[in-house]
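Indexing begins at 1, ligand by ligand and atom by atom, following the structure's order. Numbers here are sequence positions counted from 1.
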Amino acid sequence: MKTFYITTAIDYVNGSPHLGHAYEKVLTDVIARFRRQMGDTVYFLTGVDEHGQKVQQSAKKRGVAPQAFCDEVSHEFRAMCAKLNISNDDFIRTTEPRHKTVVSRLLQQLFNQGEIYKAEYQGFYSTRQEQFLQEKDRQPDGSWPEIFGEVTQITESNYFFKLAKYQDWLIQHLKENENFIFPRYRQKQVIEFLSEPLNDLCISRPRERLEWGIELPFDSGYVTYVWFDALVNYYSAVEDKPGLWPADFHVIGKDILVPPHAVYWPIMLKALGLPTPKSILAHGWWSINGTKMSKSTGNFVEPMAFADQYGVDALRFFMIREMSVGQDSDFSLNQFLSRYNSELANNLGNLVNRTLNMTNRFAGGVVPAPEESALNFEPERELRALWEKTRDEFITLCEGFQFHIALERAFAFVTATNRYVEQRAPWKLGKSTEPADQALLRTSLATMAEALRLGASLLPAVMPDTTDKIYGVLGYSPTGSWRDSLVWGERLTGAKVAETAILFPRPQAPDTVVAKP
Ligand code: MSP
């Protein structure tokens with residue numbers, strides 16, 4: 001079976017990691033962990049994009065050499081991955097020799113094949129975006145959109161890659177691979193983009209304008225333009241690892257789908273004679289407190305500080321629960337705290353506390369065997385039926401990247417379990433010495449423990465630590481496959497549970513990690 005090779009975009013290191021970077025890593029991690037649970041072998045790559053004007057400028061502003069600057073900021077991105085429990089197998093930096101040699105070799109190959117030529121270019125240039133602009137990029141009133149920053153007209157000689165030549169091939173390729181891009185409507189955007197003739201792609205920058213890049217192997221007066229460098233990371237990281245290429249899944253944000261990932265990248269690979277990636281997922285963007293995230297205005301979430309204050313799993317949970325994959329979403333402390341309190345603390349946390357508490361109070365801390373005859377009473381039967389439905393839907397939803405709904409279902413099952421506990425009221429049964437009540441007490445304690453175990457076993461892709469903690473306090477260590485662990489059984493009979501557990505402590509008063517607008 002082929003290894004499932006999944007990647008994130010590689011982040012620019014011109015600033016510290018923010019919530020958008022954190023989200024993409026967590027989303028990709030959830031997919032990677034889910035696939036592993038389903039039995040796939042997964043290889044997960046992430047990393048940083050270190051060349052280009054912005055990094056060069058940021059380093060200059062700080063008065064340090066670009067490499068030293070990259071070393072420092074890359075370290076923060078790596079630390080964020082560790083902090084957020086991202087299960088990546090590799091972390092690539094585009095300044096590493098293993099990457100630079102591959103970029104250089106591929107460029108030389110394309111040059112030898114006649115796919116790259118030199119030409120004079122005159123055009124409007126955006127320094128901020130490091131790209132030449134076209135007439136169609138103007139706003140109706142003739143001005144340039146703000147995202148381009150200052151736009152100037154320049155003339156220079158550069159190297160171009162014959163992109164236009166592959167336009168028909170790409171259109172055909174997209175038609176033949178309808179599921180190339182998720183969500184599907186994004187594929188239509190690509191086709192629409194391709195309804196206009198493509199320009200060849202400028203792949204170089206004169207050294208005097210940009211120094212911080214990979215030198216063109218066939219002309220030392222130039223460095224490689226960022227996309228030709230950055231996109232290659234997906235390949236350079238695994239070229240020497242048999243059986244990984246082509247990538248199965250590139251996870252990226254919607255802003256870098258068209259044209260870089262959906263047009264340049266497949267065409268570059270096609271020209272190189274390499275297989276193209278199987279699919280691309282384009283996620284939406286986070287705003288904060290209803291407005292664009294911006295460090296300068298303080299409307300910014302520092303993912304590591306936030307995780308320190310509220311918990312890694314709580315942050316992972318919120319991002320995945322709140323955002324429908326592909327759509328945009330808003331992050332606010334209020335909404336975070338509302339989900340934290342209602343779903344994590346008062347629902348899941350409460351069930352954990354009750355289970356431990358009741359088991360200790362009425363069964364000496366050991367999960368009792370349920371009474372055979374009582375298992376077919378209505379409340380028990382209903383909860384089991386809801387479990388089977390929840391589990392099957394959860395898997396299907398995750399397969400379709402509908403993680404936010406999958407989590408909603410999982411938590412609805414936790415809610416139903418809490419309701420079951422209230423209905424059975426073990427605290428009342430515990431006061432009775434009637435054999436029938438005692439049988440019901442044992443059954444209800446066994447049922448709530450089993451339902452909690454099962455509910456928790458839906459969560460490890462999103463909240464790996466929380467699942468481990470719940471398993472731990474239930475005295476449960478899973479054996480066998482994940483799918484096997486989702487079968488309702490009596491796995492906890494005889495298990496010794498912990499006395500107490502605080503999974504989701506009451507949050508401290510909000511401080512500066514989320515700035516108010
Ligand atoms: N370096 C390029 C990508 C090269 S991939 C071969 C780049 N870097 S970036 O740092 O600007 O963005 C990295 C990723 O973070 C992108 O996928 C981008 O969409 C994502 N996000 C940046 N801001 C975001 C939000 N506000 N919300 C969600 N994701 C966002 O582009």
Minimum-distance protein heavy atom relative to [atom]:
{"atom": "atom 13 (C) of ligand 1", "result": "Asp11 OD1, 3.0 Å"}
{"atom": "atom 27 (N) of ligand 1", "result": "Trp286 N, 2.9 Å"}
{"atom": "atom 15 (O) of ligand 1", "result": "His21 CD2, 3.7 Å"}
{"atom": "atom 8 (N) of ligand 1", "result": "Tyr12 CD1, 3.3 Å"}

Is the shortest N/O to N/O distance between [X] and ligand 1 below 3.5 Å?
{"X": "Asp49", "result": "yes"}
{"X": "Trp227", "result": "no"}
{"X": "Asp255", "result": "yes"}
{"X": "Ile10", "result": "yes"}
{"X": "Lys254", "result": "no"}
{"X": "Trp285", "result": "yes"}

Provide the number and element of each atom of ligand 1 under 4.0 Å from a heavy atom of [X].
{"X": "Gly20", "answer": "24 (C), 25 (C), 27 (N), 28 (C), 29 (N), 30 (C)"}
{"X": "Ala9", "answer": "5 (S), 17 (O)"}
{"X": "His18", "answer": "22 (C), 23 (N), 24 (C)"}
{"X": "Tyr234", "answer": "5 (S), 6 (C)"}
{"X": "Met293", "answer": "26 (N)"}
{"X": "Gly284", "answer": "28 (C)"}
{"X": "Gly253", "answer": "17 (O), 19 (O)"}
{"X": "Ala230", "answer": "6 (C)"}

Please verify the inter-ring angle class for Phe160 with Tyr117; under 30° counts as parallel, over 60° as perpendicular, anything in between as tilted. parallel

Within the side chain of [X], is there an N or O that forms a donor-acceptor pair under 3.5 Å with the backbone of [Y]?
{"X": "Trp212", "Y": "Glu50", "result": "yes"}
{"X": "Asp313", "Y": "Thr466", "result": "yes"}
{"X": "Glu120", "Y": "Glu156", "result": "no"}
{"X": "Glu215", "Y": "Tyr222", "result": "no"}

Are more than 12 heavy atoms from other residues, nucleotides or ligands located less than 6.0 Å from atom NZ of Lys175? no

Does [X] qualify as a cation-pi partner of [Y], given the criterion of NZ or CZ under 6.0 Å from the six-membered ring centre and within 45 degrees of its axis?
{"X": "Lys295", "Y": "Phe300", "value": "yes"}
{"X": "Arg138", "Y": "Phe124", "value": "yes"}
{"X": "Arg35", "Y": "Phe4", "value": "yes"}

Of the choices Glu24, Met319, His283, which has the non-hydrogen atom that lies closest to atom 29 (N) of ligand 1? His283

Determine, considering heavy atoms only, which of Leu19, Ile256, Asn14 sits nearest to atom 31 (O) of ligand 1. Ile256

When Phe317 is tested against each of Tyr340, Phe411, Phe504 for ring pair (Phe, Tyr, Trp, His ring centres under 6.0 Å), which residue passes? Phe411

If you measure only the distance, is there a donor-acceptor pair under 3.5 Å linking the side chains of His250 and Trp265? yes

Any side-chain donor paired with an acceptor under 3.5 Å for His404 and Glu322? no

Quick one: does Ile405's side chain get under 4.5 Å of Glu408's, heavy atoms only? yes

Can you tell me if His261 has a non-hydrogen atom under 4.0 Å from ligand 1? yes

